Amino acid sequence: MKSLRQLAFTLLLLCSSAAFAQLSSLTDGAVYHFQNVGNTGVALSASALSDVAGSPSNTSNKSQQWYVKKNGNYYTFRNLGNGRYLQGAGASASWGLTSDASADANLFELASVGSNNTIRSKADSNNGYGYMHRDAGNNIVGWETGNNSTQWTLTRVYYTTAELNAIWNEIASLIPDE
């Protein structure tokens, strides 16, 4: 009986660690939720049309869902809550949102730190402080990878093409053209 419990416990550990396995790439056209490793109850969230912050994690909240588009060796992240693109920044500078996806600050790399993922802004990739980091005030800023608040668990959120088109149409009807 004891060995059966040990086997069940081992399987549970394997399954739970596989659920949070580090990703080596992101799927073009997929949607992801970013949960902070340093504070697992906090996720990357659009807090306004131009701001991002750490908010209580809720995988079904569209302001915490990010559509990934492959752009060469980089990715753009578009928020499903407001249609804006994530915009990176350097050391201790606040990250934000923009309607323009083309600037280097809006292009990101997926990197790994130990068994976790991290996201780095292309514009700040040479200075070591261009990684997405949740600070003590739940602000999202650029920082280095040595802190677990710069590490993220990425969970895929599934939508059909029709569902995504409906989301983009709803956003387009709510937000005036710029």
Side-chain angles (χ1 to χ4, degrees), residues 26-72 74-111 117-125 127 129-143 149-178:
L26 298 172
T27 302
D28 186 41
V31 176
Y32 291 88
H33 177 265
F34 298 81
Q35 186 165 298
N36 192 255
V37 171
N39 184 339
T40 58
V42 173
L44 174 66
S45 181
S47 60
L49 285 179
S50 60
D51 297 323
V52 291
S55 297
S57 184
N58 178 351
T59 309
S60 63
N61 183 338
K62 286 185 180 64
S63 71
Q64 295 180 12
Q65 297 174 355
W66 301 87
Y67 177 81
V68 170
K69 185 71 179 158
K70 185 86 167 142
N71 187 336
Y74 298 92
Y75 302 96
T76 58
F77 301 117
R78 187 176 185 197
N79 187 264
L80 267 66
N82 63 20
R84 298 297 179 112
Y85 295 89
L86 185 63
Q87 184 174 48
S92 298
S94 293
W95 286 32
L97 296 168
T98 181
S99 60
D100 176 22
S102 63
D104 279 356
N106 307 328
L107 297 174
F108 301 92
E109 298 176 278
L110 177 68
N117 288 113
T118 189
I119 304 297
R120 181 170 63 176
S121 168
K122 178 183 180 185
D124 295 290
S125 62
N127 67 21
Y129 284 87
Y131 296 91
M132 184 169 70
H133 175 84
R134 180 204 55 87
D135 72 9
N138 281 327
N139 301 299
I140 304 299
V141 299
W143 199 244
S149 290
T150 310
Q151 299 166 29
W152 301 84
T153 300
L154 285 66
T155 304
R156 186 158 176 192
V157 181
Y158 290 89
Y159 285 98
T160 65
T161 302
E163 290 170 328
L164 280 174
N165 288 336
I167 291 167
W168 300 137
N169 289 336
E170 182 181 349
I171 288 169
S173 72
L174 296 174
I175 298 175
D177 292 335
E178 295 182 72

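Predicted model only: the values in this text are computed from it and were never measured. Sequential numbering from 1 along the given sequence is applied to the chain's residues.
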Worksheet item: Mind checking what makes side-chain hydrogen bond (donor to acceptor under 3.5 Å, both in side chains) contact with Y131, not counting sequence neighbours?
Response: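 With neighbours one apart ignored, the set is R120.
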Worksheet item: Which residues satisfy the side-chain hydrogen bond (donor to acceptor under 3.5 Å, both in side chains) test with N165, sequence neighbours excluded?
Response: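 N165 satisfies side-chain hydrogen bond (donor to acceptor under 3.5 Å, both in side chains) with no other residue.
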Discussion item. Given 3.5 Å as the limit, does a donor-acceptor pair link the side chain of Q87 with the main chain of S50, or not?
Written reply: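 A pair under 3.5 Å: no.
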Worksheet item: Does T150 offer a backbone N or O that forms a donor-acceptor pair with the side chain of T118 under 3.5 Å?
Response: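 Checking the backbone N and O of T150 against the side chain of T118, a donor-acceptor pair under 3.5 Å is found.
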Worksheet item: What ring pair (Phe, Tyr, Trp, His ring centres under 6.0 Å) pairs are there with at least one residue in residues 36-58, not counting sequence neighbours?
Response: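 Not a single pair qualifies under ring pair (Phe, Tyr, Trp, His ring centres under 6.0 Å).
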Worksheet item: Which of parallel (below 30°), tilted (30 to 60°) and perpendicular (above 60°) describes W168 and Y67?
Response: perpendicular
Who passes side chain to side chain contact (heavy atoms under 4.5 Å, CB included) against [X], sequence neighbours left out?
{"X": "N82", "answer": "A46, L49, N79, R84, L97, I175"}
{"X": "T160", "answer": "A162, E163"}
{"X": "T27", "answer": "A30, Y32, R156"}
{"X": "S47", "answer": "D51, A53"}

Got a sec, which residues hit ring pair (Phe, Tyr, Trp, His ring centres under 6.0 Å) with [X], two or more places apart in sequence or on another chain?
{"X": "Y85", "value": "none"}
{"X": "Y74", "value": "none"}
{"X": "F77", "value": "F34, F108"}

Worksheet item: Got a sec, which pairs hit salt bridge (Lys or Arg N to Asp or Glu O under 4.0 Å) with one end in residues 62-71, sequence neighbours left out?
Response: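 Non-adjacent pairs meeting salt bridge (Lys or Arg N to Asp or Glu O under 4.0 Å): D28-K69.
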Worksheet item: According to the salt bridge (Lys or Arg N to Asp or Glu O under 4.0 Å) rule, which pairs have a member within residues 89-105, sequence neighbours left out?
Response: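 Every salt bridge (Lys or Arg N to Asp or Glu O under 4.0 Å) pair that includes a residue of residues 89-105, provided the two are not neighbours, is D104-K122.
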